[in-house]
Amino acid sequence: MSTVTSYNFDLIKGVELQLSDVAKTSTARGKIKKYAITDLKNRAARGEMIFPEYLDEITIDNERPFYFTGSGIAIKFFEYEVAPYAAGMPEVKVPNKIFR
């Protein structure tokens, strides 16, 4: 099995950023989770290899790998977490407007 680790930094302050530094409240992290679940369920409905029955169990916390995109963040999921091995490690791109 594979794994992924993300490292995100505030280059001005010189500190590593956690997901809670980007989505500062539990409400914001809840919105990210809701957005990710909806996105993954829509992908499953279109025939992508996604396990919709496991989506409500995902966690969005400081252990979740993420990286910055031009318009927000991308949340990474591990193999078998939301999809079979053949699907790799799915990711969901979440726009800033969802959690800001």
Side-chain angles (χ1 to χ4, degrees):
M1 286 189 32
S2 301
T3 188
V4 65
T5 303
S6 64
Y7 298 98
N8 300 286
F9 290 91
D10 179 327
L11 298 178
I12 295 171
K13 295 179 183 176
V15 296
E16 185 175 359
L17 297 173
Q18 305 263 339
L19 187 58
S20 61
D21 296 319
V22 178
K24 296 181 190 277
T25 65
S26 60
T27 301
R29 291 184 296 280
K31 289 178 182 181
I32 291 171
K33 179 177 178 174
K34 183 178 178 182
Y35 184 90
I37 289 171
T38 300
D39 180 76
L40 291 166
K41 283 183 178 179
N42 288 340
R43 290 156 80 179
R46 290 192 307 266
E48 288 189 37
M49 294 185 292
I50 300 290
F51 300 141
E53 63 273 17
Y54 297 124
L55 296 180
D56 291 328
E57 298 172 21
I58 64 172
T59 58
I60 302 297
D61 58 19
N62 285 337
E63 302 302 313
R64 175 68 53 202
F66 76 99
Y67 64 88
F68 290 96
T69 67
S71 61
I73 59 174
I75 302 291
K76 296 290 290 183
F77 295 95
F78 298 107
E79 295 167 343
Y80 298 111
E81 186 177 14
V82 297
Y85 178 83
M89 291 190 274
E91 63 183 39
V92 174
K93 292 185 177 164
V94 184
N96 280 329
K97 67 181 180 180
I98 299 299
F99 58 90
R100 294 281 178 172

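Throughout, numbering of the chain's residues begins at 1 and tracks the sequence.
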Pairwise distance CD(E16) to CG(N8) - rounded to 0.5 angstrom: 7.5 Å
Atom of L19, atom of N62 and distance for their closest heavy-atom approach: N-OD1, 3.3 Å
4.5 Å side-chain heavy-atom contact, Y54 and V82: no
For S6 against P65, the heavy-atom pair lying closest together: OG-CA, 3.4 Å
E79 CD to Y85 OH distance, which is reported to the nearest 0.5 Å: 5.0 Å
Heavy-atom side-chain contact between I73 and E91 under 4.5 Å: no
Sidechain-backbone polar pair: K33 side chain, I58 backbone, donor-acceptor under 3.5 Å: yes
P84 to M49 - nearest heavy-atom pair and separation: CD-O, 3.5 Å
Verify same cluster id: Y7, L11 (apolar side-chain graph, 4.5 Å): yes
Heavy-atom side-chain proximity of V92 to R43 below 4.5 angstrom: yes
CZ/F68: more than 12 non-hydrogen atoms of other groups inside 6.0 Å: yes
Common cluster, I37/L40, ILVMFWY with side-chain heavy-atom separation under 4.5 Å: yes
Heavy-atom donor-acceptor pair, R64 side chain to T59 backbone, under 3.5 Å: yes
Neighbour count above 12 (heavy atom, 6.0 Å) for K76 NZ: yes
Reported OG1-to-CD1 distance for the pair T38 and I98, which is rounded to 0.5 angstrom: 9.5 Å
Spatial distance of atom CD (E63) from atom CD (Q18) [nearest 0.5 Å]: 7.5 Å
Shortest non-hydrogen contact between A23 and R29, atoms and distance: O-NH1, 2.6 Å
Point-to-point distance, once rounded to the nearest 0.5 Å, from OH of Y67 to CD1 of I75: 10.0 Å
Other residues, nucleotides, ligands: >12 heavy atoms within 6.0 Å of F9 CZ: yes
Approximate separation, where rounding is to 0.5 Å, of F66 CZ and I60 CD1: 11.0 Å
Minimum side-chain heavy-atom gap L55-I50 below 4.5 Å: yes
